[in-house]
2 protein chains.
Amino acid sequence: MDNESAKVKIEDALGKETIVMFARCEVYYSGRAESFLAEGDRIIIIKQDRTLLIHQPKNSMPINYMKEETEYTITTDNKELRIKARNKKYKEDLEVIIRKMYFLKSKNLEDNQRLIIKGTERDMADMIMNNPKLISKEFKPLSREEHTKYGFIDVFGYDSKGNLIVIETKRYVGDLKAVSQLRRYVERIKAAKGIKNVKGILACPRITPNAEKMLHDFGFEYKRVLPPKYLENERRKQKKIFEFKK
Amino acid sequence: MDNESAKVKIEDALGKETIVMFARCEVYYSGRAESFLAEGDRIIIIKQDRTLLIHQPKNSMPINYMKEETEYTITTDNKELRIKARNKKYKEDLEVIIRKMYFLKSKNLEDNQRLIIKGTERDMADMIMNNPKLISKEFKPLSREEHTKYGFIDVFGYDSKGNLIVIETKRYVGDLKAVSQLRRYVERIKAAKGIKNVKGILACPRITPNAEKMLHDFGFEYKRVLPPKYLENERRKQKKIFEFKK
DNA sequence: GGGGAGAGATGCCGC
DNA sequence: GCGGCATTTCTCCCC
């Protein structure tokens, strides 16, 4: 395909059809950072919302990209096709210099579906609210997403001894960051209420050794809790996979 | 294209060529979480390293995906083409049920280039190491990436009054997390060295109000520092963009 | 729009 | 492999 035809095709499709190209190109980016990618073969996608994605033939992340509502200027001569992309909102500029267009295709795609997802940290906190015994027999939950100046508490409550309880949940591994987060909330609650009997609990399936050490240094507790999806997996181990489908 | 031909094309290209499809499909995923995506038009990509990407016609993130080294099983009948993807390492499964294959293309792409990038947090810390006056006239840097049990310190040093200095850098906005991080390091240094005269400095272009409050609560300092790329931008404001293109 | 935090985060580096 | 952490993070929610 010659450069002039490619230019026309892209301009006609922009904002109406999703465009996919295989092309040999180099890429310049300037915005939140600055980057340069030397010549190589890539997949270039311009979506219907004017999102730009440039993918190398390996790895899952795009090597360069621009967000939705980007403006495009296409220029061409005998040797090159240049796609200049500018996003005013994010103050970003990107230029693709295409040295060889192997292939270009565009099509209007219709898709208004949203992903339905289960097994998130939110589900985990909800599970604890609904079944506080997962933390302990004494735990009484009060609220979810309690707002403090120093952030939001996942689950907030008290126990039979009159202690306030701050719970931070993690769906996978509790790490140093999670302990820091918990500490911030516990101290904020102590300061805000002017009391000292506030306990911190980190609820997650696993914890790193350093995080556990730090947790104990500050007098907090680790409570092993599995996210809801694992429980479901337990229940249907004998059943076949994907049975959750709707 | 009939399902049987598509199946053969995909099987032939797998691991050798990058495959791009426009297809009407639904998607099931089970692994770290579980998800379902009802029928719609999407771009499906299988890269040469067996990475799978499914993109809707809007937004920059893939709606579903599988990592490199995924194994594929393609099955078909008159009505559907099913792509079953399994990743043993990450214990993830995904299934794409294609109801309409609009288009399929594959090609071997050659690309061994790596992105050259400037203006990262690492560059910012390096800049402070090389030009400590950006922090203050008294600051003397000692090391980058100093390791402690509670994490790595971006820039570590001392001042003319004999205080140790811990600097945490952020390339954009300093937030509560950044202050927590700084605090962790300062306390760790105090504990490890058994001393009290350790100062914490958060070096970044901007800081959130709550973070600034927390910073002052703990006796730390905010030092406004711009990442190197902004400085370069200043220098070449009159020049045309993309001149950095090395 | 800013602030705060999760994400099927991913990717990088170090041990 | 795990740990710790930045990311052109992105996305969502709430004020």
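Naming: A, B, ... by sequence-line order, numbering from 1 per chain. Keep in mind the model is a prediction, meaning the values are calculated, not measured.
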(request) Please identify each residue that fulfils ring pair (Phe, Tyr, Trp, His ring centres under 6.0 Å) with H147(B), with sequence neighbours left out. (result) F152(B)
(request) Name the residue closer to the 5' end of DNA chain C, choosing between E121(A) and N210(B) according to the nucleotide with the nearest heavy atom. (result) N210(B)
(request) Rounded to whole angstrom, note down the C1' distance from dA7(C) over to dA6(D). (result) 15 Å
(message) Main chain of R32(A), side chain of Y29(A): is a donor-acceptor contact present, judged purely on distance under 3.5 Å?
(response) yes
(message) Say we look at dT10(C) and dG6(C): how far apart would their C1' atoms be, to the nearest angstrom?
(response) 14 Å
(message) I want to confirm an ordering. Mapping G119(B) and T148(B) to their closest nucleotides on DNA chain D, which one lands closer to the 5' end?
(response) T148(B)
(request) Not counting sequence neighbours, which residues clear side chain to side chain contact (heavy atoms under 4.5 Å, CB included) with P141(A)? List them please. (result) M129(A), P132(A), F139(A), V155(A)
(request) Keeping to residues at least two apart or across chains, list the salt bridge (charged side-chain N to carboxylate O under 4.0 Å, His left out) pairs with something in residues 46-55 of chain A. (result) none
(request) Compare every heavy atom of K193(A) with every heavy atom of F156(A), then report the nearest pair and how far apart it is. (result) CZ-CE, 4.4 Å
(request) Specify the separation, in whole Å, of atom CG of L176(A) and atom P of dA6(D). (result) 12 Å
(request) Kindly write out the residues that satisfy salt bridge (charged side-chain N to carboxylate O under 4.0 Å, His left out) with D217(B), not counting sequence neighbours, or none if the list is empty. (result) K213(B)
(message) Checking the side chain of N130(B) only, and the main-chain atoms of D126(B) only, is there a donor and an acceptor separated by less than 3.5 Å?
(response) yes
(request) Walk along DNA chain C from 5' to 3' and tell me the first and last nucleotide with an atom closer than 4.0 Å to a non-hydrogen atom of chain B. (result) dG3(C) to dT10(C)
(message) What's the gap between dT8(D) and dG14(C) when it is taken at their C1' atoms, as a whole Å value?
(response) 25 Å
(request) Return the value, rounded to whole Å, for the distance between atom CG of D154(B) and atom P of dC5(D). (result) 9 Å
(request) With C1' as the reference atom in both, quote the distance from dA5(C) to dT7(D) in angstrom, rounded to an integer. (result) 15 Å
(request) Would you mind checking if R42(A) and D111(B) are paired as a salt bridge, meaning a charged N to carboxylate O distance below 4.0 Å? (result) yes
(request) Would you check, one step at a time, whether the test salt bridge (charged side-chain N to carboxylate O under 4.0 Å, His left out) holds for K88(B) with E71(B)? (result) CA-CA 8 Å; K88(B) 283 179 181 159; E71(B) 293 164 27; 3.6 Å; yes
(message) Going by side chain to side chain contact (heavy atoms under 4.5 Å, CB included), name the residues that satisfy it together with A38(B), two or more places apart in sequence or in a different chain.
(response) Q113(A), F36(B)
(request) Would you write the dot-bracket representation of DNA chain C, where each base gets (, ), [, ], | or . depending on whether it forms a Watson-Crick or G-U pair under 3.5 Å and with which partner? (result) |||||||.|||||||
(request) Check side chain to side chain contact (heavy atoms under 4.5 Å, CB included) between E187(B) and all other residues, then give those that pass, not counting sequence neighbours. (result) R183(A), F218(A), R183(B)
(request) Before accepting this row, confirm whether a basic side-chain N of the pair K170(A)/E168(A) lies closer than 4.0 Å to the acidic partner's carboxylate O. (result) yes
(request) Identify whether any heavy atom of K89(B) sits under 4.0 Å from a base atom; if not, whether one sits that close to sugar-phosphate; answer base, sugar-phosphate or nothing. (result) sugar-phosphate
(request) Would you please name every residue forming a side-chain hydrogen bond (donor to acceptor under 3.5 Å, both in side chains) with E69(A), sequence neighbours left out? (result) none
Pair up each side-chain donor or acceptor in residues 198-210 of chain B with any protein partner under 3.5 Å, not counting sequence neighbours, and list the distances.
unit_1	atom_1	unit_2	atom_2	d
K199(B)	NZ	E221(B)	OE2	3.3
T208(B)	OG1	A211(B)	N	3.2
N210(B)	ND2	K149(A)	O	3.3

(request) Using a 4.0 Å cut-off on protein heavy atoms (strictly under), produce a 5'-to-3' string for nucleotides 8-15 of chain D with B for base contact, S for backbone-only sugar-phosphate contact, and - for none. (result) BSSS----
(request) Residues of residues 214-222 of chain B with any non-hydrogen atom less than 4.0 angstrom from an atom of DNA chain C: list those, numerically ordered, please. (result) none
